[in-house]
Amino acid sequence: MQQKPSEPALITPTAEIAVATHGGRAKCLQRLVRLDVPVPRTVALSFREVKGIAQGEMPDMAKLLEPFGETPLVCVRPSSEDPDWGGPSAILNIGLNDRSFVELRDSIGAEAATRLYLRFVQAYSINVARLDPDMFDDIDLAGQEGLSAALRAYEEETDEPFPQDPAVQLAAVLRSMARAWEGTTARLLRQAKGAPADAGLGLVVQEMALGLGQGECGSGVIQLVSSATGKPAITGRYRSQSQGREALSSEAGSVFLARDPRGPSLEDQAPEAFAQLIEYTRMMRVRLREEMQTEFTVENGKVHVLDGVRIRRSSRAAVQIAVALAQEGIIPKEEALLRVEPRALNEMLHRQVDPDAPRDVVGRGIAASPGAACGRIVFSAEAAQAAAARDEPCVLVRRETTPEDIRGMHAAAAVLTERGGITSHAAVIGRGLGLPCVVGASDMKFSVSKQRLTAPDGRVFKAGDIITVDGTSGQILAGDPPLLEAIQDEAFQSLMTWADEVRDIGIRANADTPADAQTARNFNAQGIGLCRTEHMFFDVDRLTVMREMIFADGEADRRAALDRLLPMQRGDFIELFRIMQGQPVCIRLFDPPLHEFLPSDSAGIRELAEALDLPRSDVERRVEALSEYNPMLGMRGVRLGVTVPEIYEMQARAIFEATVAASREGAPVVPEIMIPLVSARREVELVKTRIDAIAAAVRNERGSDFTYRLGVMVETPRAALRAGEIAPFTAFLSFGTNDLTQMTYGLSRDDAGRFMSDYVKKGVFPEDPFHMLDIDGVGELLQIGATRGRAARKDLVLSVCGEHGGNPESIAFCRRAGFDYVSCSPFRVPVARLAAAQLAVRDRLDPEN
Ligand code: PEP
Ligand code: MG
């Protein structure tokens, strides 16, 4: 059946108007009309009609103008489905011509009428006739002469008199707005904001409420809460004798809304209008179930509401507003959960560059750890420590970081590296510390030895210069723009509590140190899902003992070094168990890519030679002997555990002794021990036998019983494929999606940064797969591993502990695949809790989904 052509619809309470056909503005205006708010008469044109207009199919103009009387005076505004997608600018005062100008002059005075006509002529010339805005530069636009000069200029430029027929004017405005929406730039801009390629534009034609004239006339906007905090605060501006958003365009002539010691206010000037505006805006909040900004005009003391828009809001305000609406019973808690974008919590939990501050962007990289910090550039860990000793914030700039940089990272306010990707050393450590970090900034030139950093535009930054690292956007900025502080207020806590009430997948944290564990607890993680024990040795004192152990020639030397490491590890674990108070703690056995533990420069080699009391040349030879062509695929993880079993034995002993000690003090501890980088069943068998033996020995020695759970990290494609034969030996499988992604793609996680942005730009990968789980490939391996593992062992616990654990889209995949929990860096835990809650709520609302 052929669709009946729609017609422009007068907005009445019952007109057929929907967001999907007429856009958000038209629908909102209808809601206001239904609430009896005094909205000037408005006609809405649908997406289909506007598309037709762009193609030259004009509606019946006489009919369109009919509702606006003999002498129509109207404005046209865009109405896209989502206001964030933008649209052409509004055009006001359409209908003004020489005749209506005379009438207007009689009613509102010559000055006001002249200003309005002039304004229309200018807007029409520039936005509709597309004339050069410079054409008005040399004209004195004051008074009646100014108006005549502007009309003459139009005629000279176009060879036609300024159109006098309101229908002709309106048709031209509609055509120009409809075509502007179809333009390539406008399309690209809105697509960047998430609009689909075929997003439609609606238009609303509204009777003008003038805002100029006799008595109290003017216009402004009002909202009842602050856009920055979301807390109650009557904000906005009003300007007498003005139209549209003029009150906001400059401070001059604008007044406050509510009475204010800083200056005059609308409440003083027109108390009744002010009271009405408060009433309407409150009613809109309750009935439209949203915090709204009211755009209004006052005409001789009478209020007209031109529009209501969802107020602009910071992340903090978004949380505050959603929680307040739910607490007042205006929306259900579930809806409040859905109204906050999980990633927005990142902005709350870290300092941010003030969104209103100008940004002098000098470079870009991968946004590896969110938050922003400013500081003086330093090029070495030592310089960072020296700066910290002087209480001077600094940004540590390195090609890439290694364990030797850890102390420098602790001392720095932010880290910037040339190389690396989302799972490289700097990124992982940065996220753990909550330290802003940008990695893979390969468009900048890093001359670390010359202590120079060169921006793509040629600007050179030296040690001591101030820059800002924005780890949320991946940008490097010159100077120190104002920052907004991190905040966790009551509203945030309430939202998190509600999230936990509905969430149905567990969220743990990856935590290696007591500080990480404390952060994890503060963010209410349900335990530690990954403790990377090799990170416990990044501290300089320990690093040396660790190197002694790695360098040991024979078993006896190695045992001696391990005996020194044992009490350190035991102490670490006792502390973690104590902080986590009986919550599960999953400890991963040592997984060093060995190169991370070898000294990389001559100073490091000298120090190690001193510590080992060996000639330098011996150390150099040994470093060379231990060097691997491809350390990430070399003697890592369980391969080291199988070939040098004493290391895992020491760690197992430390874990069990700590279990006994911590269980005596507090809640009983059931440690989880995880074997990394497994690719074959036999590896698990070998390690399990030894760990069981150590457990039995510790039980005997301490006269204390305990249990533990052994698990396997699935990080190689083979482990996923062979999960069926591995599962009978383990209580859980935890997917290390960082390595699994690396190995599935055959793509180095440390080098991917170099070309990832090109790959994403060219659409080779839809997203950086280290950042967002590749559902098609890596996801299939997860699915296979989960299915085969559970088929072999029904009670097998499944989880993800790679960086993807904190990514909302990846959490959705894990939840669908029946995983028990995800584990991510501590600072991402709130994001993960909210994302998981939203998935559960959406499922309840639409179980078919
Ligand atoms: C992983 O590979 O996903 C993982 C969690 O381990 P790591 O990042 O320490 O290699
Ligand atoms: Mg790994």
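First listed ligand is number 1; within each ligand, the first listed atom is number 1. The chain is numbered in sequence order, starting from 1. Computed from a predicted structure; not experimentally measured.
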CA sep, side-chain torsions, deciding dist, call: V619, F551, side-chain contact (heavy atoms from CB on, under 4.5 Å): CA-CA 8 Å; V619 173; F551 272 65; 4.0 Å; yes
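- Ligand 1 has a nitrogen or oxygen under 3.5 angstrom from a nitrogen or oxygen of G736.
- Among the atoms of T737, some N or O lies under 3.5 angstrom from an N or O of ligand 1.
- Of all the heavy atoms of L530, the ones lying under 4.0 Å from any atom of ligand 1 belong exclusively to the side chain.
- The side-chain heavy atoms of V760 and P766, taken from C-beta on, include no pair separated by under 4.5 Å.
- When side chains are defined from C-beta on, F729 counts as touching R681, because their heavy atoms get closer than 4.5 Å.
- In this structure, Y648 has its ring center at least 6.0 angstrom away from the ring center of F590.
- Nearest protein heavy-atom neighbour of atom 6 (O) of ligand 1: R588 NH1, 2.9 Å.
- Atom numbering of ligand 1 starts at 1 in the shown order; those under 4.0 Å from a heavy atom of G802 are 3 (O), 5 (C).
- Cation-pi contact between R749 and F770: absent, since separation from the ring centre below 6.0 Å together with deviation from the ring axis within 45° is not met.
- Q518 and N522 share a side-chain donor-acceptor pair at under 3.5 Å.
- Using a 4.0 Å cut-off between heavy atoms, R749 contacts ligand 1 through its side chain alone, with no backbone atom that close.
- Taking distances strictly below 2.8 Å, the protein N/O/S atoms close to the Mg ion (ligand 2) are E715 OE2, D739 OD2.
- Ion pair E649/R559 flagged as a salt bridge, since at least one NZ, NE, NH1 or NH2 atom sits closer than 4.0 Å to an Asp/Glu carboxylate oxygen.
- At a 4.0 Å heavy-atom cut-off, ligand 1 touches M713 through the side chain alone.
- Counting heavy atoms closer than 4.0 Å to ligand 1, residue R532 contributes side-chain atoms (C-beta onward) but none from N, CA, C or O.
- A tilted orientation is assigned to the rings of F819 and F735, their planes being inclined by 30° to 60°.
- The pair R398-D405 counts as a salt bridge, with a side-chain nitrogen and a carboxylate oxygen less than 4.0 angstrom apart.
- Between the side chains of Q526 and Q583, not a single donor N or O lies within less than 3.5 Å of an accepting N or O.
- Counting only N and O atoms by type, the side chains of S799 and D820 include no donor and acceptor under 3.5 Å apart.
- In this structure, R636 counts as a contact residue of ligand 1, since one of its heavy atoms falls inside 4.0 Å of the ligand.
- Distances between N or O atoms of D739 and those of ligand 1 include at least one value under 3.5 Å.
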